[in-house]
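Worksheet for the structure shown next.
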Amino acid sequence: MFQQRVGWRWPSLSLQTRLCWAGFLFVLPALLHLIVFKFYPMVEAFRLSFYKYDLMTPPVFHGLQNYKTVWNNPLFHQSFWVSVKYMFGVSVPEWFLAFALALLLNRGMPGRPIIRLAYFFPIAMSQIVVALVWKFMYNPLGVVNTLLGAVGIGRINWLATEQSALPALILIGIWRGIPLFGVIYLAGLQSIPKEYHEAATVDGAGPWQSLRHVTIPLLTPTILFVMVMSLLSAMKVFLNPLVMTEGGPNGTTRVLPYFIYETAFAYHRMGEAAAASMVLFAFAFALTLIQLRLLRRGGVE
Amino acid sequence: MSSRALSLWGGRLLTILTIAGIGVTLLPYFWMLSSSLKTSSEVFELPVRWLPRDPQWSNYPAALSRGAFGVYFFNSAVVALAVMAGNLLVCSLAGYGLAKFRFPYRELSFRAILSTLMLPLEIVLVPTFLVVRGLGLVNSYGGLIIPLAVDAFGIFLMRQYIKDLPDSLIEAARLDGCSERGIFWRIILPNCKPALGALALLTFRDNWDQFLWPLIVASKDTLKTFPLGLAQMEGIDSAAYHEIMAIAVIAMIPTAVIFLFFQRAFVRGIALSGLKE
């Protein structure tokens, strides 16, 4: 296709060169945007992590002081572990429950379109609405306590109790994540040709063996992808702790993004916030490397 | 016989689980709707009232008249639509360039674009704010919209879709003397409607309820989005839960309607993000 010299507008350039430029120009707006709003900020964050900066006075070079301050801040260590607990607390149940949901919705049953719609509906709900409705439901006089009261559990002030606040937020994360990852699993399940299962049945495999020896091996790329995606999205949680608990009680729900936000925009310690961002970045970097590898293996190149 | 009985009971158990699961999934919606129609004293009544005695439709106008929710919803719509438009245009341009042209460093560009998936706003929050401040865009629609207007996920999605379009379509148009720009507008875009639809729905959903970025960049009341308005209202008067829930119901309408009407495209878009093809 590149050899046909037909219909050019710039006679000085060969069609091949022209197409080269055309392709580059198509990509250019996206590249420029990402350079200004992703790559430059990332470099800037790295630079800023060595400066003392409060938004008012000019930045002052500070060496490794920000990293030392953050490292010696017990609140940082607390946030780090809160984030880790939240990430795995949300992701691990999601992996299994979303898979179970997809298997369930993949069966033929009466009313399947309606059932599917009901299960997938939380995908459409705004984050802020989720946060406020659940905050309301977790109220000591709210509906969660009423339902638990029916099975004999006493009233708990879920969001104001140190032991229960983080699990309460984790439950919301799971509730919201299951439909999303269920959709991805379901698409994966439906891409498996029926003949595979039929062949397994002919060979005398029960549903359990068919799942173990046919479905799971074929779905491995999707499963790995969901594992990474769920960790990444749980890593970013911010709105729920901010609106529902303000990181409390006693910092038990202050996740890392919230710690960074507070350091930067409440205390105006931009350099320290940037240093703490580097830790979050390391998390994201590791997870994204895995994710890109999975995408590529799946056929990106 | 016994194995048939077993599978019968298994089937029943699954049905019960399915229904219970739906109950748990939909409980928050039910609670939100029901509470939005209660009086303020019914909201925290014990034992819990599942349904209001007498639906208070007046909660809705009363809630809307608190704060400037008309403005907040307008701002959310502007942000969502503008970010959507930006993503549709820039991502399809880039997707086309990456899928159908050869130029030096194409693979490197694509990898660089994909690598920004690991730089969500939460991580580059502070420096992005400084960039936007440097451009003088704090407290402006430009500042709210422009940083969100391109997302690597959209580029990935469009590239994958355009890659599968036959090259002969493009070559035929080129032979007919169509300009490169013309090919993009008249051949590529009309052939990408499913991908564009899925991308439009996903970007609208993700940006209709923007919270974190407006929180940082818009301190003026006239630029706030509805999630900021809701959080503010909840902070000021957390006893007004019936009215907060009324706003929440209104806020849910656009995404819920879109979801109900375009469920297939929605689900396809999400599935595309996880699929290998």
Side-chain angles (χ1 to χ4, degrees), chain A residues 1 6-7 19-20 22-24 26-27 29-31 33-34 37-38 40-42 44-45 48 104 115 117-119 122 124-129 132-134 136-137 141 143 146 180 183-184 187 221-222 225-226 236 238-239 243 257 264-265 270 273-274 277 280-281 284-285 288 292 298-299, chain B residues 18 22 25-26 28 31-32 44 46 48 90 93-94 96-98 101-103 109 113-114 116-120 122-128 130-131 147 150 155 167 171 174-175 177 180 208-209 211-212 216 227 230-231 234 241 244 248 251-252 255-256 259 263 267 270-271 274-277:
Chain A
M1 87 188 235
V6 182
L19 286 180
C20 217
F24 177 69
F26 277 123
V27 183
L31 278 178
H33 185 279
L34 294 175
F37 292 106
K38 292 287 183 189
Y40 173 73
M42 190 59 222
E44 189 62 17
L48 198 62
L104 184 74
I115 293 172
L117 187 68
Y119 272 111
M125 208 167 179
S126 295
Q127 287 187 52
I128 183 75
V129 170
L132 291 176
V133 173
W134 277 92
F136 182 33
M137 299 206 310
L141 303 178
V143 69
T146 300
L180 195 64
V183 168
I184 295 176
T222 313
F225 180 84
V226 165
K236 295 191 297 184
F238 171 78
L239 189 147
V243 172
F265 296 102
M270 295 296 173
S277 305
L280 203 57
F281 173 68
F285 185 71
T288 312
L292 289 182
Chain B
T18 309
I22 291 178
T25 309
L26 296 185
W31 194 239
M32 175 170 78
F44 287 116
L46 280 178
V48 160
V90 180
L93 280 170
Y96 176 45
L98 292 168
F101 291 88
R102 282 165 204 281
F103 53 90
S109 309
I113 288 169
L114 278 188
T116 64
L117 285 173
M118 74 175 120
L119 299 175
E122 286 80 357
I123 290 178
V124 286
L125 192 61
V126 174
T128 309
L130 295 178
V131 169
V150 181
I155 299 172
D167 286 338
E171 282 160 36
R174 208 168 272 151
L175 283 173
E180 293 304 322
W208 164 246
D209 63 343
F211 177 83
L212 175 59
I216 307 290
L230 261 178
E234 203 261 349
Y241 251 101
I244 294 170
M252 221 188 68
T255 38
F259 186 74
Q263 194 204 354
V267 165
I270 293 167
L275 274 184
K276 45 255 164 232
E277 279 109 44

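The chains referred to below are lettered A, B, ... by the order of the sequence lines, with proteins before strands, and numbering in each begins at 1.
- Residues B/Leu119 and A/Phe281 are in side-chain contact: their nearest non-hydrogen atoms beyond the backbone lie under 4.5 Å apart.
- Looking at A/Leu117, the atoms closer than 4.5 Å to chain B (heavy atoms on both sides) sit in the backbone and in the side chain alike.
- Shortest non-hydrogen contact noted between B/Ile123 and A/Ala284 is CD1-CB, 3.4 Å.
- Interface residue A/Leu34: only side-chain heavy atoms are found under 4.5 Å from chain B.
- Considering only heavy atoms from C-beta on, B/Leu212 stays 4.5 Å or farther from A/Leu239 through its side chain.
- Of all heavy-atom pairs between B/Val124 and A/Pro41, the closest is CB-CB, 4.2 Å.
- In this structure, B/Glu180 and A/Ala22 approach most closely via the heavy-atom pair CG-CB, 3.9 Å.
- Interface residue A/Phe24: backbone and side-chain heavy atoms are both found under 4.5 Å from chain B.
- Rounding to the nearest 0.5 Å places CH2 of B/Trp31 at 6.0 Å from CZ of A/Phe136.
- Shortest non-hydrogen contact noted between B/Asp209 and A/Gln127 is OD2-N, 2.7 Å.
- Here the closest heavy-atom approach between residue B/Ala94 and residue A/Val27 is recorded as O-CG2, 3.9 Å.
- Taking CZ of A/Phe265 as the start and CG of B/Leu125 as the end, the distance is 4.5 Å to the nearest 0.5 Å.
- Across every non-hydrogen atom of B/Gly97 and A/Phe26, the tightest pair is CA-CB, 3.8 Å.
- Using a 4.5 Å heavy-atom threshold, the side chains of B/Ser109 and A/Leu31 count as touching.
- Only the side chain of A/Thr146 comes within less than 4.5 Å of a heavy atom in chain B; its backbone stays farther off.
- Distance check: A/Leu280 CG to B/Glu122 CD gives 8.0 Å after rounding to the nearest 0.5 Å.
- Side-chain contact between A/Glu44 and B/Val131 is absent, with no heavy-atom pair separated by less than 4.5 Å.
- Heavy-atom neighbours of B/Phe103 CZ from other residues, nucleotides or ligands within 6.0 Å: above the threshold of 12.
- A 4.5 Å side-chain heavy-atom check between A/Val129 and B/Met32 finds at least one atom pair inside the cut-off.
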Step-by-step side chain to side chain contact (heavy atoms under 4.5 Å, CB included) determination, B/Val90 to A/His33: CA-CA 9 Å; B/Val90 180; A/His33 185 279; 5.7 Å; no
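- Looking at heavy atoms from C-beta onward, B/Pro28 lies in side-chain contact with A/Met137 at the 4.5 angstrom threshold.
- Only the side chain of A/Leu48 comes within contact range of chain B, judged by heavy atoms closer than 4.5 Å.
- In this structure, the side chain of A/Tyr40 does not engage the main chain of B/Pro127 through any donor-acceptor pair within 3.5 Å.
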